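Take a look at the structure below.
No hydrogens, no waters, no symmetry mates; every other heavy atom, side chains included, goes into these values. As the structure is a computational prediction, the values presented were derived from the model and not from experiment.
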Amino acid sequence: MTQSTPFKRILLTGAAGGLGKVLRERIKPWAQVVRLSDMADLGDAADGEEIVRCDLADKAAVLALMEGVDAVLHFGGISTEAPFEAIMQANILGVANLYEAIHKAGVKRVVFASSNHAVGYYRTTDMVDASMPTRPDSMYGVSKCFGESLSRYYYDRFGIETVCLRIGSTFPEPINKRMMTTYFSYDDMVECLRCCLFAPRVGHTIAFGMSDNDSVWWDNKHAAFLGFRARDSSAKFAGKFPDTSELAAAADITTIYQGGKFLLDGPQYR
């Protein structure tokens, strides 16, 4: 394998989602073929692409999806709070089907798009690292904790290496005060994923996806060996969100805890 295309085929799940659309073009240099998967329409395949529509809750379809794959970027599933039944199908059953298919196909490197909402019930005054217990802020967060635990099992049992990337807020720019801390630029996200895939060994690693922001809630010391160095920062957007520290006495649950608005959304049952 060459440095320019170290993988024969990378699978990107959730390719029709917001981050999937960003990654679709940017990960092409990493593989001879990028297999794109989603339940939604992905349009026509470009050069170097394969498109496979797949419901992750369909075990047989997921087994077929994994044929010939060398590495997986798992961004599929529901990315916000939703009724538990929907999250169970997409984020819990879906990831269980995915890892069983990964095992049967002999895939050895996975990046699992976890979320900061796996630890959203830590206070904004806390500094959180990967050795600390999960504290999900929502059913969505619970599903990400499940994915992290399941990937740990598949590493311990079968040696499947996974980086669980607890993504902060990945948008063109922060849209509220909280995102000044959780901001993770597109360029930094892509470079972080490259490090996760190219590192010689990752074992089972939990990393926090964030840019080099002035305000920090997460300590990436346990993932430093990946070699990722953020180049962007939310600091350039500081003028959009004037300092409101004097209002701290009036803070509510969305500012006391790291999860923000997710703390108000669940649980939801039909």
Side-chain angles (χ1 to χ4, degrees), residues 13-14 16-22 56 74-95 111-130 132-151 164-186 188-189 192 206-211 213 215-220 234 237 240-241 244-245 247-248 250-270:
T13 66
L19 298 185
K21 291 175 182 177
V22 172
L56 295 176
H74 179 46
F75 280 72
I78 294 174
S79 60
T80 60
E81 183 67 325
F84 176 73
E85 292 83 355
I87 287 177
M88 178 179 65
Q89 290 293 310
N91 293 19
I92 295 179
L93 178 59
V95 78
V111 181
F112 169 60
S114 188
S115 171
N116 68 95
H117 295 289
V119 289
Y121 251 115
Y122 281 98
R123 290 178 175 265
T124 54
T125 53
D126 293 330
M127 181 64 70
V128 182
D129 67 50
M132 297 166 68
T134 55
R135 294 186 65 177
D137 56 30
S138 53
M139 287 297 181
Y140 167 71
V142 168
S143 75
K144 293 302 182 179
C145 294
F146 173 81
E148 290 185 4
S149 293
L150 188 75
S151 64
C164 298
L165 184 60
R166 290 177 177 170
I167 296 171
S169 303
T170 308
F171 295 92
E173 61 183 61
I175 61 175
N176 56 41
K177 182 71 173 178
R178 176 181 179 271
M179 288 189 188
M180 292 297 291
T181 301
T182 61
Y183 178 65
F184 191 31
S185 74
Y186 289 154
D188 281 344
M189 175 186 67
C192 185
I206 294 174
F208 291 90
M210 56 182 172
S211 291
N213 307 319
S215 175
V216 181
W217 292 337
W218 310 318
D219 185 341
N220 254 335
S234 64
F237 303 108
K240 296 182 61 176
F241 308 103
T244 57
S245 58
L247 301 178
D252 63 15
I253 191 172
T254 66
T255 56
I256 292 172
Y257 297 100
Q258 295 183 11
K261 289 184 178 180
F262 271 60
L263 292 151
L264 302 176
D265 291 340
Q268 300 179 34
Y269 290 90
R270 289 183 177 140

* Asked: Is I256 close to R123 at the side-chain level, that is, under 4.5 Å between some pair of heavy atoms?
  -> yes

* Flag, side chain of S115 to backbone of A118, donor-acceptor distance under 3.5 Å -> no

* Asked: How far apart are the closest heavy atoms of G76 and T13, and which atoms are they?
  -> N-OG1, 2.9 Å

* Heavy-atom closest contact (M179 atom, P174 atom, distance) -> CB-CB, 3.7 Å

* S143 vs I87 side-chain heavy atoms within contact, under 4.5 Å -> yes

* Asked: Between D188 and S185, is there a donor-acceptor pair closer than 3.5 Å when you use the side chain of the first and the backbone of the second?
  -> no

* Does the side-chain contact (heavy atoms from CB on, under 4.5 Å) test come out yes or no for C192 and L165, once each step is laid out? -> CA-CA 9 Å; C192 185; L165 184 60; 3.7 Å; yes

* Asked: With no hydrogens and no angle check, is any side-chain donor or acceptor of K144 less than 3.5 Å from a backbone partner on A113?
  -> yes

* **Whether S234 side chain and M180 backbone form a donor-acceptor pair below 3.5 Å** => yes

* Is there a side-chain contact between S169 and Y183, using heavy atoms and a 4.5 Å cut-off? -> no

* Please report the closest heavy-atom contact between P172 and F237, naming both atoms and the distance. => O-CZ, 4.0 Å

* Asked: Heavy atoms, side chains only, cut-off 4.5 Å: are M132 and V119 in contact?
  -> no

* Is S151 reaching over with its side chain to a backbone N or O of E148, donor-acceptor style, under 3.5 angstrom? -> yes

* To do: Output yes when a side-chain donor or acceptor of Q258 lies under 3.5 Å from a complementary backbone atom of T124, and no otherwise.
  => no

* So W218 and F208, would you call those rings parallel, tilted or perpendicular, with 30° and 60° as cut-offs? -> parallel

* Might you point out which heavy atoms bring P136 and Y121 nearest each other, and give the distance in Å? => O-CD1, 3.3 Å

* **Donor-acceptor pair, side chain of D252 and main chain of T254, under 3.5 angstrom** => yes

* **Closest heavy-atom pair and its distance - I167, N116** => O-ND2, 2.8 Å

* Structure fact -> All heavy atoms of V216 vs all of N213, minimum pair found to be CG2-O, 3.5 Å

* To do: Please work out which of the three classes, parallel, tilted or perpendicular, describes the rings of F112 and H74, given edges at 30° and 60°.
  => parallel

* **N-O pairing of E81 and K261 below 4.0 Å** => no

* To do: Mind running side-chain contact (heavy atoms from CB on, under 4.5 Å) on V95 and F146 for me, showing each step along the way?
  => CA-CA 9 Å; V95 78; F146 173 81; 3.5 Å; yes

* **Expected output: side-chain N91 to main-chain I78 donor-acceptor under 3.5 Å** => yes

* To do: For the residue pair K177 and T255, establish whether any side-chain heavy-atom pair is separated by less than 4.5 Å.
  => no

